[in-house]
Structures are given as structure tokens and as C-alpha cells.
Amino acid sequence: MDKTMADPTILTFDLGTQSMRAMVVNRQGEILYYAQYKYPKPYVSIQPGYADVDPMMYYRTMRILMDQLYKQDTHCLQDCAGVTLACIRDTIILLDENKKPIRDAILWLDHRLADDTSRIPGWVLKASSVVHMRKILEQQYCASHINWLIENEKDSYARCTKVVFLPSFLHYLLTGNLVDTPSNMIGHLPFDYKRQTWQKDRDIKRYMCDIPREKLVDLVTESVLGTITEQASLETGIPEGLPLVATGSDKGCETLGVSAIHPYQASLSFGTTATIQFTLNKYVTPEKFLPSYPSVLDGYYNPEIEIFRGYWLISWFKKEFAAKEVQLAQEMGIAPEDLLNEQLKNIPCGSEGLILQPFWTPGVINPDAKGSMIGFHDAHTRIHLYRAIIEGIGYALYDGMIHMQERTGVPIEEVFVSGGGSQSDEICQITADIFGVKVIRIQTHEATGIGASIAGFTKLGFFQSYQEAISSMVHIKDSFTPDMENHRIYHDLYTQIYRKIYPSLVPLYRKLSNLVKRRER
């Protein structure tokens with residue numbers, strides 16, 4: 001690679017759930033060219049809870065984005081040194097012997113569950129019971145989409161020669177090499193997160209998702225996964241011969257992109273899935289039985305807590321309660337969130353006793369949870385509900401920080417925010433008040449693209465280290481200092497009310513689920 005380029009750039013694709021972004025980034029962290037395409041139909045639901053998507057849609061979208069970039073400047077890639085991808089996680093694709101998809105991909109937010117756990121060997125059930133892991137093992141077995149496919153689409157599974165995640169498939173389409181990195185192996189595959197390789201035979205956890213080794217992709221640690229082929233160039237518009245540089249998952253790139261690479265820092269992602277993520281050089285799980293994910297930084301880990309329907313709740317609120325703001329914003333040519341966020345200032349912290357638990361989709365550590373709101377009284381308005389949503393997501397993420405501080409013994413001193421919600425000053429201030437520490441916003445909310453570009457430049461040798469790359473490419477734009485009086489109010493609400501909601505309601509959640517299932521049958 002020619003390191004004598006005056007101002008080399010990286011072409012980065014950020015593949016999200018609702019849209020894809022393409023950007024050309026330089027070594028100063030400037031996004032020189034940018035294009036976004038919102039998928040007309042992000043997925044298909046043939047019945048409630050299902051989410052299938054044609055995996056070729058993502059590949060075709062690259063062509064659309066490249067055409068947009070070239071319309072901005074036909075020479076936008078003349079100094080391009082490489083290509084990087086940052087992809088959504090846990091999206092399963094079955095490939096046949098010709099490496100063609102057998103069926104649509106199953107998206108990460110799909111809720112279908114396997115029913116039959118009889119494939120789990122008896123000795124595994126006994127051993128997992130001894131370590132109090134049986135319930136988690138069975139739950140994760142049922143949540144693994146590959147087990148649903150084995151039960152319900154036996155022919156599809158029998159025909160498949162490889163079970164891969166989305167980035168692995170795109171690596172193959174772009175370079176002809178069906179390979180991937182450990183930092184992309186986040187989801188329901190038999191992956192050993194601590195060793196950052198495939199699980200060994202007879203590992204108890206392997207039986208959550210027991211796929212034969214020959215059906216799994218080869219994991220590599222090389223900096224370059226291959227080069228863009230002639231066919232891929234013709235199909236996508238990406239220049240032939242450019243190296244495809246290894247990166248990692250979208251959330252991992254986002255954490256790197258905001259520069260949260262030290263144990264005393266946390267990265268908050270305000271996206272469809274809201275997350276709090278950390279970077280450690282040792283394996284520490286964020287919760288019992290919840291793994292610590294491999295980082296984009298080789299040999300490092302990203303413990304994470306996820307709120308699966310995090311800032312999706314804003315879209316839900318707009319659809320169900322904010323028709324007035326949506327129409328007015330359209331007339332004014334601004335985003336509805338701008339109007340809603342301005343009104344947050346009129347509601348005191350704590351939303352006058354209205355508290356929301358944002359578990360519209362349950363997670364691994366709270367499998368029985370459902371969304372809930374408590375504390376309604378006659379003075380509450382729609383905007384109280386809107387603020388309670390923001391605060392509820394904040395409580396859930398703050399809960400993740402508290403757990404990690406307890407597990408590592410390292411207090412969090414800085415919180416970095418990114419994603420769509422981070423564009424709001426009001427949301428950033430509420431977050432600072434809940435966490436009680438400074439909240440930092442970098443020069444762009446497109447932190448995932450910056451992180452993938454940092455990885456690209458560093459692995460191609462344009463920087464000597466990630467720290468050097470961060471110093472050059474990540475720039476603090478704003479910081480929000482907590483109002484400590486507000487923090488005390490939030491901390492009291494969190495400790496005395498919020499963290500007691502789930503254990504108090506879980507018996508009712510379970511009864512409710514059983515009643516609903518019985519009615520559906």
C-alpha cells in the first residue's frame with residue numbers, strides 16, 4: 001500500500017437495521033463525502049415476531065450508495081487506500097455448496113423460538129444444572145435461530161454447507177474469500193468469546209447452538225481480508241483491487257470511534273438498540289452467563305449491556321402519540337425530534353413520578369421482562385411520557401454501568417455518546433444528570449464509520465497505533481456536565497424504584513406470558 005499519498009482516505013460502509021451509510025473519511029477524521037439510503041422495507045414479517053431479509057439487498061444497496069458518492073464527485077475515491085465494513089450483528093445466513101443463500105437471512109431482531117430441546121444431550125443438562133446454568137442454556141438454545149431452522153426447515157439446513165453472519169457473506173461477495181474476524185462473531189453461533197475462536201467439542205455452552213465445525217466460516221486475524229474483485233467492482237462500483245480491511249461489529253466500531261478504549265470510559269450508543277459498552281484488556285463478563293464480546297482491538301474485549309428496543313421507542317412514540325409534532329415538523333422542514341426535545345425542558349427531572357422500564361423486547365438477563373410504566377397521575381402529559389422514555393433508557397444503561405463498576409472495580413469517569421439520539425443537547429444533558437459524570441460528544445454522530453476508518457488506517461500502517469489514530473481522528477465537540485442535584489434525584493429514583501420494578505413484576509410477567517400463549521393456542 002502506498003503510504004506516500006498526500007491525504008489518503010478510507011471508504012467505509014455502515015450497515016444498520018434501517019439504513020446503510022457510505023462515507024469517505026480522511027486521517028483527520030473528516031467525512032469528506034457521505035451518502036445514506038433508507039431501506040424501503042428493512043425486513044419482512046410473514047407473521048408477528050418474524051424478521052426475514054434478502055441478504056443481497058445489502059450488497060445491492062452498496063451500488064446505490066456508490067452512485068450517490070460519484071454524483072457528488074467523480075474523483076471522490078482517487079486517494080482511497082482501502083474499504084471497511086461495520087455490520088449489524090447476529091443476522092444468520094445459510095449458504096449452499098455454491099455459496100448462494102438458500103433462504104432469506106434471519107435478522108437479529110427476529111423473535112421466533114425453537115420449541116424442542118431434546119437435541120441437548122442428557123449429560124449436558126445434568127452438568128449445566130450443577131453450575132445453575134440449565135435454564136440459561138435452554139433459553140439460549142430456543143433463542144438460537146439455527147435451532148429453529150433445524151426444527152422447522154430441515155431441508156434448508158440439510159442443504160447448507162455454511163452458516164454465516166452477514167459480514168462474512170459480504171466479505172465473500174466483495175473479495176471471493178469466505179472469511180471473517182473474531183470481532184464479528186457476536187450472536188448465536190458456537191463461539192468461545194474468551195478464547196476468541198470456535199468452541200471446543202463437548203463444551204457445555206456449545207450445545208446452545210451446536211453447528212458442526214465444517215459448516216462454520218474460517219476465522220482470521222489478518223489485517224486485510226482480500227481485495228475487491230473485478231466482478232464486485234462491476235456490481236457495486238467500488239474500485240477493483242482496493243483492500244478490504246478487517247474491522248468488527250457496528251457497536252465495536254462505534255466504541256472505537258468515540259475513543260472509549262480505556263477501562264474508565266464507557267460508550268453509549270443511542271440507536272435502534274441502545275447499548276453501553278466498555279473496552280478491557282481482560283475478559284470480564286458484564287453479567288453472569290452474559291459473554292464479553294471481542295473488540296476491534298486485537299486481544300481486547302467489549303463487555304456490553306443491550307436495551308434491544310432502545311431508541312426505537314422514540315419512533316414508537318412518534319407514531320403513536322406525536323402526530324401533531326410530525327405534521328408541524330414537516331411544514332417547518334425540521335425533524336419531529338427537534339420539536340419534542342425542545343419540550344423536554346418543560347418537564348422536571350424524574351417526569352413527576354412517571355417511570356418507564358424500556359424492555360419492549362426482553363434480553364438474556366431479563367428473559368421474562370416486558371415494557372412497563374408506573375406512577376401515572378392526572379397531571380401527566382404526552383411530553384411526560386416522552387421524557388420518561390428518555391429517562392427509562394438512561395436508567396437501564398446506568399444500571400449497566402453500575403454492574404460493570406462492581407465487576408471491574410474501576411469507576412467510570414467519562415461517558416461518550418453516539419448514534420441518532422446523541423444529536424440532542426437535551427438528551428445528552430439528561431444522560432449526564434442520570435450518570436453523574438461528564439458526557440462527551442465527538443465531532444459527528446457517525447461514530448461507527450469513524451471507528452471502522454480508524455481500524456482501516458491503523459491496519460494499513462498509516463498510524464503506528466490506535467491511540468495515534470484516535471488523537472488524529474477523534475475530536476471532542478461538546479461536553480455536558482451533570483447537575484448533581486438532578487443526579488441525586490435520579491439516583492434515588494433508580495435505587496429505590498427503578499431497579500425494583502423488574503423483580504417485583506416478574507411473577508406477573510410470567511403469568512401474563514402463559515395466559516397469552518394459552519389464548520394463542
Side-chain angles (χ1 to χ4, degrees), residues 12-21 23 58 84-91 107-109 165-168 170 180-189 191 193 196 246-262 265-280 284-287 290-298 300-312 358 361 363-365 393 396-397 400-401 403-404 412 415-422 431 441-442 444-456 466 470 474:
T12 286
F13 292 92
D14 176 7
L15 289 78
T17 303
Q18 305 289 335
S19 70
M20 187 188 302
R21 277 79 63 196
M23 58 200 85
Y58 300 103
T84 62
L85 307 180
C87 293
I88 50 177
R89 309 177 298 193
D90 200 17
T91 295
L107 204 60
W108 64 270
L109 50 70
F165 284 145
L166 176 61
S168 310
L170 293 174
D180 214 329
T181 65
S183 49
N184 270 323
M185 296 299 107
I186 299 172
H188 293 87
L189 288 181
F191 183 75
Y193 292 94
Q196 300 196 3
T247 57
S249 71
D250 54 352
K251 296 297 184 183
C253 288
E254 196 169 8
T255 293
L256 174 60
V258 296
S259 76
I261 63 171
H262 300 291
Q265 298 169 322
S267 169
L268 300 186
S269 173
F270 293 159
T272 302
T273 295
T275 61
I276 180 167
Q277 195 172 92
F278 312 84
T279 302
L280 304 176
V284 179
T285 59
E287 292 275 2
L290 192 65
S292 183
Y293 300 140
S295 169
V296 178
L297 281 67
D298 293 338
Y300 281 69
Y301 301 91
N302 289 143
E304 175 188 278
I305 298 292
E306 298 173 275
I307 314 302
F308 287 105
R309 289 285 185 172
Y311 272 77
W312 169 91
T361 297
V364 176
I365 58 176
I393 298 169
L397 296 172
M401 185 189 79
H403 278 288
M404 277 307 296
I412 299 301
V415 170
F416 293 84
V417 291
S418 55
S422 70
T431 303
R441 190 165 59 188
I442 67 167
T444 174
H445 69 279
E446 297 288 352
T448 300
I450 297 296
S453 300
I454 286 172
Y466 281 105
I470 286 170
V474 182

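Index from 1, following the sequence.
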Polar side-chain atom of [X] near backbone of [Y] as donor-acceptor pair, under 3.5 Å:
X    : Y    : answer
T279 : A260 : yes
D250 : A86  : no
D180 : S168 : yes
R89  : C87  : no
Q196 : Y300 : yes
S295 : L297 : yes
R441 : S422 : yes
T448 : G257 : no
T273 : F308 : yes

Point to revise | Ring centers of Y293, Y193 separated by less than 6.0 Å | key: yes

Among [options], which residue satisfies the side-chain contact (heavy atoms from CB on, under 4.5 Å) criterion with [X]?
X    : options                : result
I88  : I186, T272, D14, L166  : L166
F278 : I261, V284, I412, N302 : I412
V417 : L268, L397, V258       : L268

Heavy-atom check, side chain of [X] versus side chain of [Y], under 4.5 Å:
X    : Y    : result
L280 : P303 : yes
F191 : P294 : yes
F270 : S418 : no

Review point. Have W108 and T17 got a donor and an acceptor in their side chains that come within less than 3.5 Å?
Key: yes

If I take atom [atom1] from residue [X] and atom [atom2] from residue [Y], how far apart are they, to the nearest 0.5 angstrom?
X    : Y    : atom1 : atom2 : answer
N184 : C253 : CG    : SG    : 8.0 Å
T91  : H188 : OG1   : NE2   : 11.5 Å
H445 : S269 : NE2   : OG    : 11.0 Å
S249 : M185 : OG    : CE    : 10.0 Å
T255 : Q277 : OG1   : CD    : 3.5 Å

Shortest non-hydrogen contact from [X] to [Y]?
X    : Y    : answer
G248 : S183 : CA-OG, 3.4 Å
P291 : T285 : CA-CG2, 4.4 Å
V296 : A455 : CG1-CB, 4.0 Å
A452 : T12  : CB-CG2, 3.8 Å
I470 : S259 : CG2-CB, 3.4 Å

Practice item. Go through the steps for M20 and Y58 under the test side chain to side chain contact (heavy atoms under 4.5 Å, CB included), then give the verdict. Key: CA-CA 8 Å; M20 187 188 302; Y58 300 103; 4.0 Å; yes

Exercise for review: Apply side chain to side chain contact (heavy atoms under 4.5 Å, CB included) to the pair T431 and I393, showing each step before the final yes or no.
Suggested key: CA-CA 9 Å; T431 303; I393 298 169; over 6 Å; no

